[in-house]
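We count ligands from 1, going down the list as the structure has it; atoms in each ligand are counted the same way.
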Amino acid sequence: MSEVNAEIIAVGSELLGPARTETNSLFVTLQLNRLGIVVRRKWVVGDREKDLREALERALDLSELVIISGGLGPTHDDITREVVAGFLRRELHREARILEQLEKRFARVGLKMSENNRRQAMVPEGAVVLDNSQGTAPGLMIKENSRLIFLLPGPPRELYPMMTNQVIPLIKANLPVQPQYFRQLSIASEAESQVDSVAGPIYREYPLIETTILASAGIVELHFWWRGQPQEEEALRQLSELARRVKERLGASVFAESQARLEEVLGQLLRARSFSLATAESCTGGLIGKLLTDLPGSSDYYRGGVVCYSNDLKVGLLGVREETLAEHGAVSQEVAWEMAAGIRTVTRSDVGLSVTGVAGPGGGTPEKPVGLVFAGLATPDKTLVKRLTFAGDRDIIRLRSARFALDWLRRELL
Ligand code: ATP
Ligand code: MG
């Protein structure tokens with residue numbers, strides 16, 4: 001079986017400083033792995049001709065596929081286009097069509113195009129131009145013997161769609177990639193060890209499938225990769241059977257068999273029921289609302305929420321009783337109950353969701369340690385409360401709490 005090797009070169013001096021993290025290569029790697037392409041090396045270089053040339057030379061030495069990101073912009077320090085063309089000894093010519101598109105783009109927003117931008121219309125001999133729907137710098141594909149070199153814009157919001165919509169199909173069409181057979185199960189509110197103890201005995205019966213487990217704050221993903229002969233029928237049969245058997249054992253904990261996010265799955269359930277939701281958040285400080293509103297269209301079901309960090313807001317905005325607070329404290333079953341019921345009533349929503357807890361690092365007591373969280377859920381027929389304890393630092397405790405609450409509601413709606 002032939003294997004395609006790839007290397008990624010991220011260009012930009014800022015990526016070598018302390019303020020920016022290089023993340024494009026993670027997205028690119030994920031996309032390539034899905035095609036069975038192995039990333040052999042990654043390079044991060046500054047905006048220096050010598051360094052970029054050297055990385056390119058070494059990469060082309062070993063790999064059939066080289067993906068370069070960044071440095072296609074209009075400014076003086078953006079040198080990728082020129083350096084790559086120079087290295088491959090290809091002339092650059094100005095492409096009228098790109099220039100026209102650039103001019104239109106500037107005209108649309110009422111700006112005059114600067115002279116610098118004209119550089120972005122320069123194309124090395126023989127290159128294929130990739131449209132950039134999100135920015136000014138077009139991407140480029142250059143075939144060099146049997147090798148493929150892509151030049152992509154640095155900004156992630158420009159690179160991601162270009163990668164998915166244009167680069168991946170071009171790689172498939174030009175390199176001998178093997179189809180990859182893959183299944184995924186996404187699981188919420190279960191510990192990684194618990195998931196593995198249930199799934200392990202099942203997936204170990206499938207020696208031709210490689211299983212990986214990825215866990216992050218309340219969510220566990222099981223990835224199943226077919227590693228046998230690329231026989232579609234057998235691969236799909238075994239993958240479906242394995243996924244089905246594991247899913248049967250994990251039950252409602254499985255929220256998706258795709259890349260769908262928990263918030264997305266919950267949103268679909270709320271929409272299907274025509275339910276509206278409102279949130280009352282204390283220790284999560286609005287994180288539940290943020291997760292919900294990260295999704296476009298969430299206004300169909302999410303009405304909004306209150307971040308009621310202080311006791312007087314809990315009382316004043318949600319109708320939590322002073323006596324309840326005095327008797328049980330803000331982090332208590334009773335307050336979570338009244339917050340959920342209160343936000344539901346005040347906003348006239350179908351469902352109210354609440355969270356109150358000790359996120360730490362300070363503020364814990366023997367009775368109410370860091371990580372103690374109460375969640376409340378008020379629906380038209382009932383109001384429920386759950387007591388939880390989460391391990392981890394402040395960020396993790398908050399994220400786990402938010403995800404727990406969302407997942408709890410999802411399960412109630414099933
Ligand atoms: P333009 O200059 O027109 O925005 P460009 O192709 O020249 O496009 P860069 O200047 O290299 O892109 O990068 C623009 C911004 O995109 C950088 O400031 C950085 O925040 C982000 N960026 C670039 N490369 C990466 C990367 N590999 N990982 C994460 N972010 C990146
Ligand atoms: Mg730039």
Side-chain angles (χ1 to χ4, degrees), residues 6-33 37 39-56 58-59 63 65-88 92 94-95 98-109 111-124 127-142 149-168 170:
E7 300 193 32
I8 301 168
I9 306 174
V11 186
S13 297
E14 78 277 8
L15 302 171
L16 295 170
R20 282 265 194 272
T21 312
E22 195 285 301
T23 51
N24 283 348
S25 69
L26 302 180
F27 181 81
V28 169
T29 301
L30 176 69
Q31 303 295 317
L32 296 181
N33 287 168
I37 297 173
V39 173
R40 293 286 298 271
R41 291 186 291 201
K42 296 197 224 173
W43 311 77
V44 181
V45 299
D47 305 305
R48 285 167 189 267
E49 169 156 11
K50 183 174 176 295
D51 297 352
L52 175 53
R53 267 178 171 266
E54 206 167 292
L56 185 60
R58 302 274 309 272
S63 298
L65 175 61
V66 179
I67 296 192
I68 306 173
S69 94
L72 294 181
T75 55
H76 209 68
D77 57 5
D78 294 311
I79 56 166
T80 303
R81 194 182 293 100
E82 288 77 7
V83 172
V84 173
F87 179 80
L88 299 175
L92 284 158
R94 175 160 290 132
E95 200 142 303
I98 304 177
L99 204 57
E100 218 171 274
Q101 280 174 350
L102 283 171
E103 271 162 357
K104 272 197 199 139
R105 200 185 162 86
F106 277 91
R108 251 204 321 272
V109 289
L111 290 172
K112 199 173 145 33
M113 189 171 88
S114 82
E115 198 50 37
N116 285 341
N117 281 100
R118 299 174 70 86
R119 274 180 55 211
Q120 296 185 303
M122 299 303 284
V123 174
V128 174
V129 177
L130 314 177
D131 287 334
N132 185 343
S133 55
Q134 309 291 321
T136 53
L140 296 165
M141 179 182 85
I142 304 174
I149 305 161
F150 285 92
L151 279 61
L152 306 178
R157 55 181 285 277
E158 298 177 26
L159 178 135
Y160 287 25
M162 194 180 283
M163 187 71 204
T164 332
N165 301 331
Q166 300 181 75
V167 177
I168 292 298
L170 282 166

Can you name the atoms of ligand 1, numbered from 1 with element, that are less than 4.0 Å from a heavy atom of [X]?
{"X": "Asp78", "value": "2 (O), 7 (O), 10 (O)"}
{"X": "Pro74", "value": "3 (O)"}
{"X": "Glu14", "value": "13 (O), 17 (C), 18 (O), 19 (C), 23 (C)"}
{"X": "Thr21", "value": "28 (N), 29 (C)"}

Any N or O on [X] sitting closer than 3.5 Å to an N or O of ligand 1?
{"X": "Glu158", "answer": "no"}
{"X": "Glu22", "answer": "yes"}
{"X": "Gly154", "answer": "yes"}
{"X": "Leu72", "answer": "yes"}

- Message: Holding to ring-ring contact (aromatic ring centres under 6.0 Å, His included), I want the full list of residues that pass it with Tyr160, two or more places apart in sequence or in another chain.
- Response: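 Applying ring-ring contact (aromatic ring centres under 6.0 Å, His included) to Tyr160 gives Phe27.
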- Message: Quick one, Glu54 with Lys50, criterion salt bridge (Lys or Arg N to Asp or Glu O under 4.0 Å). Give me CA distance, side-chain angles, the key distance, then yes/no.
- Response: CA-CA 6 Å; Glu54 206 167 292; Lys50 183 174 176 295; 3.5 Å; yes
Is the closest heavy-atom distance from [X] to ligand 1 below 4.0 Å?
{"X": "Ala137", "value": "no"}
{"X": "Ser25", "value": "no"}
{"X": "Ser69", "value": "yes"}
{"X": "Leu152", "value": "no"}

- Note on the structure: Applied to residues 13-23, the salt bridge (Lys or Arg N to Asp or Glu O under 4.0 Å) test, sequence neighbours excluded, yields none
- Basic-acidic side-chain contact under 4.0 Å: Arg119, Glu82: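 Yes, this pair counts.
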Counting distance only, does the side-chain N/O of [X] pair as donor-acceptor with the main-chain N or O of [Y] below 3.5 Å?
{"X": "Asn33", "Y": "Leu30", "value": "no"}
{"X": "Arg81", "Y": "Leu72", "value": "yes"}
{"X": "Asp47", "Y": "Ser13", "value": "yes"}
{"X": "Asp131", "Y": "Ser133", "value": "no"}

- Does atom CZ of Arg48 have more than 12 heavy-atom neighbours, drawn from other residues, nucleotides or ligands, at distances under 6.0 Å?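 No, CZ of Arg48 has 12 or fewer neighbouring heavy atoms, counting only those of other groups under 6.0 Å.
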- Where does Thr75 meet ligand 1, judged by heavy-atom distances below 4.0 Å: at the side chain, the backbone, both, or neither?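 Neither; no heavy atom under 4.0 Å.
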- Message: Checking contacts here: is it the side chain or the backbone of Arg20 that comes within 4.0 Å of ligand 1, counting heavy atoms only? Could be both or neither.
- Response: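 Contact part for Arg20 vs ligand 1: side chain (C-beta onward).
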- Message: Nearest non-hydrogen contact with atom 16 (O) of ligand 1 belongs to which option: Pro153, Gly70, Ala19, Pro155?
- Response: Pro155
- Message: Just to be sure I'm reading this right: ignoring hydrogens, which of Ser13, Ala10, Gly71 gets closest to atom 9 (P) of ligand 1? Compare them by their nearest heavy atoms.
- Response: Gly71
- Item | With Phe150, the side chain to side chain contact (heavy atoms under 4.5 Å, CB included) member among Leu130, Ile142, Val66, Leu140 |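 By the side chain to side chain contact (heavy atoms under 4.5 Å, CB included) criterion, Phe150 pairs with just one of Leu130, Ile142, Val66, Leu140: Leu130.
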